[in-house]
Amino acid sequence: MLRSMTGYGRGEAVGARWRFSVEIRAVNHRFSEVVVRLPRTMLSLEDRVRRLVQAAVSRGRADVFITVEETAAQETAVKVDKGLALAYYKAMKELQADLGLDGAISLDLFVNLPEVFAVEQEQVDPEEWWSLLEQAVLEACQSLVAMREQEGATLVADLKDRLRHMLKLREAIQERVPALMEAYRQRLETRMREMLDNVAIDPQRLAQEVAIFAERSDISEELVRLESHLKQALDCLEASGPMGRRLDFLAQEMFREVNTIGSKGQDEGIAGLVVDLKTELEKVREQVQNIE
């Protein structure tokens, strides 16, 4: 099933001590780009997260936001540097003696002294986080893919309608080609009679001029290629896997053929049909940019 490149997914995993939340926002992008934003303490897991998301997103930019919340109290400890405290105490006693000061040196004095007291938190190995984080990322990827597939189905339905309409417009142009030659032959004959003052016209010369015009305005090859591109695009919409780049290429080729038909097909009816083709094709090109 074809997917849209835009979408949103969210996943969450809760353990005995940690809760991980993962959000993925995907937008259009010519290539595949995954940007992971997570706490500094988890930077060692960034590449693993990116690989998981890249497995689900083959085209487009995906911004991954990861938050972690502690659900259980973390063990903390207060460390006292007794050696440093003793050094402070001896320095204070020496200063007290030198200055002739009296009074006891209380414990309160040590509380604000640098590096005497230090709060130590338990260090967590990032590997302990991975099983929960992986679960949350995979859930977010599944949610994202489901949304992209849903939007993709809407895009595919719209594109099919437009491509089938373009096939009908192409058939209408094909039907006008014989009439185009006959109309030109009649216009040329009328002009020649006016110029020659109703003198008999050489049928062979008239046929040669019509043949030259027919060769110069022949759009049969362009019509064949346009039909082929349109049918290939419809086949792509029935295929599975990423098809955005191929559809984009086919749309460019269609545009080239339609332009050539418009420049060579010197007929008001064909010109109007070409305008309709270009209008539909422009909408097709816009929609294709949204497909993975």
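In this chain, numbering begins with 1 at the start of the sequence shown.
Electrostatic pairing of Arg162 and Glu280 counts as a salt bridge here, judged by a charged N lying under 4.0 Å from a carboxylate O. Under a 4.0 Å N-O distance rule, the pair Arg50/Asp47 qualifies as a salt bridge. Salt-bridge annotation for Arg48 and Glu134: absent, with no side-chain N of the basic residue lying under 4.0 Å from a carboxylate O of the acidic one.
Contacts classified as salt bridge (Lys or Arg N to Asp or Glu O under 4.0 Å) and involving residues 228-237 (residues at least two apart or in different chains) are given here: Glu227-Lys231. Screening residues 249-262 for salt bridge (Lys or Arg N to Asp or Glu O under 4.0 Å) gives Arg225-Glu257, Glu253-Arg256 as the qualifying pairs, with residues at least two apart or on separate chains.
Hydrophobic clustering, with ILVMFWY side chains joined whenever heavy atoms are under 4.5 angstrom apart, keeps Leu163 apart from Val224. With hydrophobic clusters built from ILVMFWY side chains whose heavy atoms lie under 4.5 angstrom apart, Val36 does not share a cluster with Phe65. In the hydrophobic clustering of ILVMFWY residues, with side-chain heavy atoms under 4.5 Å counting as a link, Leu84 and Val80 come out together.
Using a 4.5 Å cut-off between side-chain heavy atoms of Ile, Leu, Val, Met, Phe, Trp and Tyr, Val35 forms no hydrophobic cluster with any other residue. Other members of the cluster containing Leu99 are Leu95, Leu101, with ILVMFWY side chains joined at under 4.5 Å, either directly or via other members. Through direct or indirect side-chain contacts shorter than 4.5 Å among Ile, Leu, Val, Met, Phe, Trp and Tyr, Val145 is connected to no other residue. Under a 4.5 Å side-chain heavy-atom cut-off, the cluster of Ile, Leu, Val, Met, Phe, Trp and Tyr residues that includes Tyr8 is completed by Met147.
For the residue pair Glu139 and Ser143, no side-chain donor N or O sits within less than 3.5 Å of a side-chain acceptor on the partner. If you check the side chains of Asp158 and Gln287, you find a donor sitting under 3.5 Å from an acceptor. Between the side chains of Thr6 and Glu151, at least one donor N or O lies within less than 3.5 Å of an accepting N or O.
With sequence neighbours excluded, the residues satisfying side-chain contact (heavy atoms from CB on, under 4.5 Å) with Ser44 are Pro126. With sequence neighbours excluded, the residues that form a salt bridge (charged side-chain N to carboxylate O under 4.0 Å, His left out) with Glu238 are Lys160. Under the side chain to side chain donor-acceptor pair (under 3.5 Å) criterion, Thr67 pairs with no residue, sequence neighbours left out. Remark: Glu282 engages no residue in a salt bridge (charged side-chain N to carboxylate O under 4.0 Å, His left out) (not counting sequence neighbours). The salt bridge (charged side-chain N to carboxylate O under 4.0 Å, His left out) test applied to Glu115 returns no partner, not counting sequence neighbours.
The closest donor-acceptor contact from the side chain of Gln96 to the backbone of Gly103 lies under 3.5 Å. With hydrogens and angles disregarded, no donor-acceptor distance shorter than 3.5 Å links the side chain of Arg3 to the backbone of Ile291. Formation of a donor-acceptor pair under 3.5 Å by the Glu292 side chain with backbone atoms of Ser58 is found in this model. Checked by atom type and distance alone, the side chain of Arg246 never pairs as donor or acceptor with a backbone atom of Ala233 at under 3.5 Å.
Contact annotation: the side chain of Ser21 never approaches that of Ile66 to less than 4.5 Å [non-hydrogen atoms, C-beta and beyond].
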Per-pair distances, 0.1 Å, donor-acceptor, side chain in residues 164-173, under 3.5 Å, sequence neighbours excluded:
| unit_1 | atom_1 | unit_2 | atom_2 | d |
| --- | --- | --- | --- | --- |
| Arg170 | NE | Leu223 | O | 3.0 |
| Arg170 | NH2 | Gln174 | OE1 | 3.2 |

(request) Report the C-alpha separation of Leu38 and Leu43 in whole Å, then their side-chain angles, then the decisive distance to 0.1 Å, and conclude whether the side-chain contact (heavy atoms from CB on, under 4.5 Å) test is met. (result) CA-CA 7 Å; Leu38 72 177; Leu43 287 177; 3.9 Å; yes

(message) Under the criterion side-chain hydrogen bond (donor to acceptor under 3.5 Å, both in side chains), I'd like the reasoning laid out for Gln232 against Ser228: C-alpha separation, chi angles, the key distance, then a yes or no.
(response) CA-CA 6 Å; Gln232 286 183 63; Ser228 174; 3.1 Å; yes

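Because its NZ or CZ atom is both nearer than 6.0 Å to the ring centre of Phe255 and within 45° of the ring axis, Arg285 counts as a cation-pi partner of that residue.
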